[in-house]
Amino acid sequence: MIGLGIESLRPLDFFGFYLPPLVLWVLLILAPFVAVRWVLGRTGAYAFIWHRPLFDAALFVAMLGGLVFSGGTRWL
């Protein structure tokens, strides 16, 4: 794949502000995360979850980790 080496981890220049690549990954995963939360709410799956905010945080971290590691682990 193109650009998945260590050089892709350099900071992003956003109007003079340097942001870590994690910010871009978080922004990319927000829409799918909100969609999954909506589906879980509409299907009633949250009725079986004891601590909803903790579950949502764990779900976000798992989805973010899946996105980050989907690009490969060569940079680790």
Side-chain angles (χ1 to χ4, degrees):
M1 292 187 183
I2 298 173
L4 289 179
I6 192 72
E7 63 275 355
S8 66
L9 293 176
R10 60 188 162 164
L12 305 169
D13 184 9
F14 183 71
F15 296 110
F17 294 101
Y18 290 104
L19 304 171
L22 184 62
V23 172
L24 177 63
W25 292 329
V26 166
L27 293 176
L28 285 174
I29 205 64
L30 271 177
F33 172 69
V34 169
V36 168
R37 281 188 59 199
W38 181 80
V39 168
L40 289 173
R42 297 291 289 175
T43 60
Y46 278 128
F48 301 104
I49 296 170
W50 171 69
H51 199 286
R52 183 177 174 173
L54 184 62
F55 176 81
D56 286 342
L59 179 65
F60 182 78
V61 169
M63 290 177 70
L64 180 62
L67 176 68
V68 169
F69 286 118
S70 68
T73 58
R74 289 179 296 179
W75 57 273
L76 290 176

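Note that the structure is a prediction, hence the values are computed from the model and not measured.
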Honestly curious: do [X] and [Y] fall in one hydrophobic cluster under the side-chain, below-4.5 Å linking rule?
X   : Y   : answer
L28 : V68 : yes
W38 : F33 : no
V61 : V23 : no
L22 : L59 : yes

Rounded distance (nearest 0.5 Å) linking atom [atom1] of [X] with atom [atom2] of [Y]:
X   : Y   : atom1 : atom2 : result
L67 : L24 : CG    : CG    : 8.5 Å
F48 : T43 : CZ    : OG1   : 9.5 Å
L64 : W25 : CG    : CH2   : 8.5 Å

Query raised in the report: For M63 and V36, which heavy atoms make the closest approach, and how far apart are they?
Result: CE-CG2, 4.2 Å

